[in-house]
Engineer: 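Sharing a structure here in structure tokens format.
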There are 2 protein chains.
Amino acid sequence: MDNFSFSLRNMNLKVTPKRLAILDILMEETVYLSPEEIWGKMKRRFRKIGLPTVYRNLEELSEGNIISKVNHPNRKLYYYLCKNQSHHHHFICLSCRKVEDINFCAAKKINKEVKTKLKGKVISHILQVNGLCKTCSKKSDI
Amino acid sequence: MDNFSFSLRNMNLKVTPKRLAILDILMEETVYLSPEEIWGKMKRRFRKIGLPTVYRNLEELSEGNIISKVNHPNRKLYYYLCKNQSHHHHFICLSCRKVEDINFCAAKKINKEVKTKLKGKVISHILQVNGLCKTCSKKSDI
DNA sequence: TGTATAAATAGAAATGATTTCTATTTAATA
DNA sequence: TATTAAATAGAAATCATTTCTATTTATACA
């Protein structure tokens, strides 16, 4: 049983061909994709595949932290599969959509500040850097 | 001329009663509000006020960094006016919507990492902490 | 290996937050 | 005060996302 199947079982999700295909598609990408784009790729693999199925699965996989949501300025939904499993954050290129890891996490300091100063409870945190990747920033120099 | 009028002029926006009222409404709040909620409050002040006007103004004010967008897990649009002008980030309570400042910014470290490791260009960054505020975390203990 | 059962899916349809459009009004400028 | 570009109201459209229901399928277990 491969890693993905194991993860799916762990979250009480059945191991279906469509779920595995979505993960396989995302696994091949270095850029974030929209549900509709993933649907497009799924249609090449399955004669019957509904867009709601893609949406539902992406949401479930994201819920289980197998894939991550991208916070895009255009407020549309995009997903990305982190090849690196350890906790980290992302740099996203607004031009070519490439996602790169940022090996930096403020969680500790943040948790401390919230705990001591605000006396609150942290549920989640978002840290994302938007910009232009190496290649695209060179292009925009022209 | 008050501060808001000055800011509006600075961004080449006309100083209209509706813009000032939106800012005034947000100024009174310690919680983030949806465009529709702000519209509701606007309707108490103006006989004629369109929801698109509220949306447009909120977007413009956000563009000019006078107010900030909240990244809510439900993906809906919410806005908040920071009383504290200096660059900082927010802790938002998912229960009562209260927004509190986090006097911590990872920008320097992030910029350094993006510059040296990724050779990219940072355009913006999002740092937001979601959780339960002091009061709400006590309630949920019950 | 069959059978039961809850979960997953397809496809159509609905939803509703957000945006667009156009005629009218208004703030700013001189 | 007249001019003009920007702002607005209100209706209408958009379209990404979700819901719904009948059908199919993965899984557990006899």
Side-chain angles (χ1 to χ4, degrees), chain A residues 1-2 4-25 32-64 66-67 69-79, chain B residues 1-2 4-25 32-64 66-67 69-79:
Chain A
M1 186 162 69
D2 65 52
F4 285 141
S5 302
F6 181 78
S7 302
L8 291 175
R9 301 299 279 271
N10 251 340
M11 354 172 5
N12 291 314
L13 295 177
K14 290 185 177 175
V15 180
T16 68
K18 307 216 162 143
R19 275 194 183 121
L20 292 173
I22 287 175
L23 289 168
D24 190 52
I25 285 166
Y32 55 83
L33 296 177
S34 70
E36 195 133 3
E37 287 161 346
I38 293 164
W39 186 45
K41 291 176 189 291
M42 289 291 278
K43 283 193 277 194
R44 294 191 212 134
R45 303 194 185 196
F46 299 94
R47 280 191 314 108
K48 292 187 168 197
I49 172 69
L51 183 53
T53 297
V54 174
Y55 267 92
R56 188 174 11 81
N57 278 312
L58 288 169
E59 181 56 34
E60 287 159 348
L61 294 169
S62 161
E63 197 60 36
I66 299 185
I67 64 177
K69 271 182 186 154
V70 169
N71 288 276
H72 200 280
N74 73 8
R75 302 208 350 107
K76 287 197 185 145
L77 206 46
Y78 298 100
Y79 291 95
Chain B
M1 185 162 69
D2 63 52
F4 285 141
S5 301
F6 182 78
S7 303
L8 291 174
R9 301 298 280 272
N10 250 340
M11 3 180 348
N12 291 313
L13 295 177
K14 290 186 177 174
V15 179
T16 68
K18 308 216 164 146
R19 274 194 185 120
L20 292 174
I22 287 175
L23 288 168
D24 190 51
I25 285 166
Y32 55 83
L33 296 177
S34 71
E36 195 132 2
E37 287 162 346
I38 293 163
W39 185 45
K41 291 174 189 293
M42 288 292 278
K43 282 192 280 194
R44 292 191 214 134
R45 303 194 185 197
F46 299 93
R47 281 193 313 107
K48 292 188 168 198
I49 172 68
L51 183 52
T53 298
V54 175
Y55 268 92
R56 188 176 10 82
N57 278 313
L58 288 170
E59 181 56 35
E60 287 159 349
L61 294 170
S62 160
E63 197 59 36
I66 299 184
I67 64 177
K69 271 183 186 152
V70 169
N71 289 274
H72 200 279
N74 74 8
R75 301 200 0 97
K76 287 195 185 145
L77 206 46
Y78 298 99
Y79 291 94

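Every chain is numbered from 1 and lettered A, B, ... according to where its sequence line falls, protein lines coming before strand lines. As the structure is a computational prediction, the values presented were derived from the model and not from experiment.
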Engineer: Could you grab the distance from atom CG of A/Leu58 to atom CD1 of A/Ile67, nearest 0.5 Å is fine?
Structural biologist: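 Reported to 0.5 Å precision, the distance equals 4.5 Å.
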Engineer: What is the separation between atom CD on B/Glu36 and atom P on C/dT19, rounded to the nearest whole Å?
Structural biologist: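 Whole-Å distance recorded here is 13 Å.
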Engineer: Could you tell me the separation between the NE2 atom of B/His72 and the C1' atom of C/dA17, rounded to a whole number of Å?
Structural biologist: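 So the NE2-C1' distance, B/His72 to C/dA17, works out to 15 Å.
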Engineer: Where along nucleotides 25-30 of chain C does protein come under 4.0 Å, by heavy atom, of base (B) or sugar-phosphate alone (S), with - for untouched nucleotides?
Structural biologist: --BSS-
Engineer: Between A/Lys69 and A/Tyr78, is a side-chain contact (heavy atoms from CB on, under 4.5 Å) present by the stated rule, with each step listed?
Structural biologist: CA-CA 6 Å; A/Lys69 271 182 186 154; A/Tyr78 298 100; over 6 Å; no
Engineer: Please lay out, stage by stage, how A/His72 and A/Leu77 fare under the test side-chain contact (heavy atoms from CB on, under 4.5 Å).
Structural biologist: CA-CA 7 Å; A/His72 200 280; A/Leu77 206 46; over 6 Å; no
Engineer: What is the distance from atom CG of B/Asn74 to atom OG of B/Ser34, rounded to the nearest 0.5 Å?
Structural biologist: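 If I round to the nearest 0.5 Å, the distance is 10.0 Å.
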Engineer: Side-chain donor-acceptor pairs under 3.5 Å in residues 45-53 of chain A, sequence neighbours left out?
Structural biologist:
| from | atom 1 | to | atom 2 | distance (Å) |
| --- | --- | --- | --- | --- |
| A/Arg45 | NH1 | A/Asp24 | OD2 | 2.8 |
| A/Arg45 | NH2 | A/Asp24 | OD2 | 3.1 |
| A/Thr53 | OG1 | A/Arg56 | NH2 | 3.2 |

Engineer: Enumerate the residues from residues 43-61 of chain A whose closest heavy atom to DNA chain D is under 4.0 Å, giving them by residue number; use none for an empty result.
Structural biologist: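 Those residues are A/Leu51, A/Pro52, A/Tyr55.
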Engineer: End-to-end bend of the helix from C/dT1-D/dA30 to C/dA30-D/dT1 (five-pair axes, 10° rounding)?
Structural biologist: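 Terminal axis comparison yields 50°.
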Engineer: Under the side-chain contact (heavy atoms from CB on, under 4.5 Å) rule, what do B/Leu61 and B/Leu8 come out as? Steps first, then yes or no, please.
Structural biologist: CA-CA 8 Å; B/Leu61 294 170; B/Leu8 291 174; 3.7 Å; yes
Engineer: Any side-chain heavy-atom pair from A/Trp39 and A/Glu37 closer than 4.5 angstrom?
Structural biologist: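 No, side chains not in contact.
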Engineer: For residues A/Val54 and A/Pro35, report the shortest heavy-atom separation together with the two atoms involved.
Structural biologist: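 Smallest interatomic distance, heavy atoms only, reads CG1-O, 3.6 Å.
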Engineer: Check the pair B/Leu33 / B/Ile25 against side-chain contact (heavy atoms from CB on, under 4.5 Å), numbers first and verdict last.
Structural biologist: CA-CA 10 Å; B/Leu33 296 177; B/Ile25 285 166; 4.3 Å; yes
Engineer: For the pair made of NZ in A/Lys76 and P in C/dT19, what is the distance, rounded to whole Å?
Structural biologist: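 To the nearest whole Å, that distance equals 11 Å.
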Engineer: For B/Glu59 and B/Ser62, run side-chain hydrogen bond (donor to acceptor under 3.5 Å, both in side chains): C-alpha distance rounded to whole Å, both residues' side-chain angles, the deciding distance at 0.1 Å, then the answer.
Structural biologist: CA-CA 5 Å; B/Glu59 181 56 35; B/Ser62 160; 5.1 Å; no
Engineer: Can you give me the first and the last nucleotide of DNA chain D (5' to 3') that has an atom within less than 4.0 angstrom of a non-hydrogen atom in chain B?
Structural biologist: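 The contacted stretch runs from D/dA5 to D/dT17.
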Engineer: Taking only residues at least two apart or on different chains, which pairs with a member in residues 11-20 of chain A satisfy salt bridge (Lys or Arg N to Asp or Glu O under 4.0 Å)?
Structural biologist: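 Pairs touching residues 11-20 of chain A that pass the test: A/Arg19-A/Glu60.
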Engineer: When you compare the side chain of A/Met11 with that of A/Ile66, does any pair of heavy atoms fall below 4.5 Å?
Structural biologist: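 Yes - at least one pair of side-chain heavy atoms lies under 4.5 Å apart.
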Engineer: Please report the interatomic distance CG(A/Leu13) to CD(A/Glu63), rounded to the nearest 0.5 Å.
Structural biologist: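 CD of A/Glu63 is found 10.0 Å from CG of A/Leu13.
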Engineer: Just how far, in rounded Å, is C1' of C/dG16 from CZ of B/Arg75?
Structural biologist: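 Going from B/Arg75 (CZ) to C/dG16 (C1'), I get 14 Å.
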